[in-house]
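One structure below.
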Amino acid sequence: MFTDYYLKFADEAEADSVLYTEVPIEWDRTDPDNPIPTKWEKQQNFRNTDIVGLIVDTPAILDENGEVTSEATYVDGVHVNIRLMPGELAEGLNDYLCDPIPVTPARVWA
């Protein structure tokens, strides 16, 4: 069985620090006994990650010409849904759980 987590981070940088790990993908092999990483990329820490991002609290209001008369407002934070499969660890996720857990999440797993 799976476990769903609805998470909220202060910003994208905080989300990235939990959701990804930087891993080396290229090395300087000038010294074959001591290769030095030269290029890195982000690798997902969880198989099923849905970056929701910002969630609209109040939609923008447009006039009859399509001009914005009132800007949209957003719920605080950057939101992410994680579905953990059996054997995957929730290490560090509990610190970012939405409180309260959404009754009607902006997005759910199909």
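Note that the structure is predicted; figures quoted are calculated from it, not measured. Atoms considered below: every heavy atom in the structure, side chains included; atoms not considered: hydrogens, waters and symmetry mates.
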Report the distance from atom [atom1] of [X] to atom [atom2] of [Y], rounding to the nearest 0.5 Å.
| X | Y | atom1 | atom2 | result |
| --- | --- | --- | --- | --- |
| Leu54 | Tyr74 | CG | OH | 6.5 Å |
| Thr38 | Glu26 | OG1 | CD | 5.5 Å |
| Leu89 | Phe46 | CG | CZ | 8.5 Å |
| Asp31 | Ile36 | CG | CD1 | 7.5 Å |
| Phe2 | Met85 | CZ | CE | 7.5 Å |
| Asn34 | Arg29 | CG | CZ | 11.5 Å |

Would you confirm whether [X], through its side chain, and [Y], through its main-chain N or O, come within 3.5 Å as a donor-acceptor pair?
| X | Y | value |
| --- | --- | --- |
| Glu88 | Arg47 | yes |
| Asp63 | Asn65 | yes |
| Thr69 | Ile61 | yes |

Hydrophobic cluster membership, Val18 vs Tyr6, 4.5 Å side-chain cutoff: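 Result: no, two separate clusters.
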Joint cluster assignment, Val75 & Phe9, ILVMFWY side-chain distance < 4.5 Å: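 No, no single cluster joins them.
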Verdict with supporting geometry, Asn81 and Asp4, side chain to side chain contact (heavy atoms under 4.5 Å, CB included): CA-CA 7 Å; Asn81 298 339; Asp4 290 338; over 6 Å; no
List the residues meeting side chain to side chain contact (heavy atoms under 4.5 Å, CB included) with Glu71, not counting sequence neighbours, and say none if there are none.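 With sequence neighbours excluded, Glu71 shows a side chain to side chain contact (heavy atoms under 4.5 Å, CB included) to Val68, given in chain and number order.
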For residues 91-110, please give each side-chain donor-acceptor pair under 3.5 Å, one per line with the distance, not counting sequence neighbours.
residue : atom : partner : partner atom : Å
Arg107  : NE   : Asp50   : OD1          : 3.4
Arg107  : NE   : Asp50   : OD2          : 3.2
Arg107  : NH2  : Asp50   : OD1          : 2.5
Arg107  : NH2  : Ile51   : O            : 2.8

Is there side-chain contact between [X] and [Y], with heavy atoms separated by less than 4.5 Å?
| X | Y | value |
| --- | --- | --- |
| Val23 | Glu41 | yes |
| Val80 | Leu19 | yes |
| Gln43 | Tyr20 | no |
| Asp16 | Lys42 | yes |

With a cut-off of 6.0 Å (strictly less than), are more than 12 heavy atoms of other residues, nucleotides or ligands near CD of Glu14?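 Atom CD in Glu14 is packed in, count exceeds 12.
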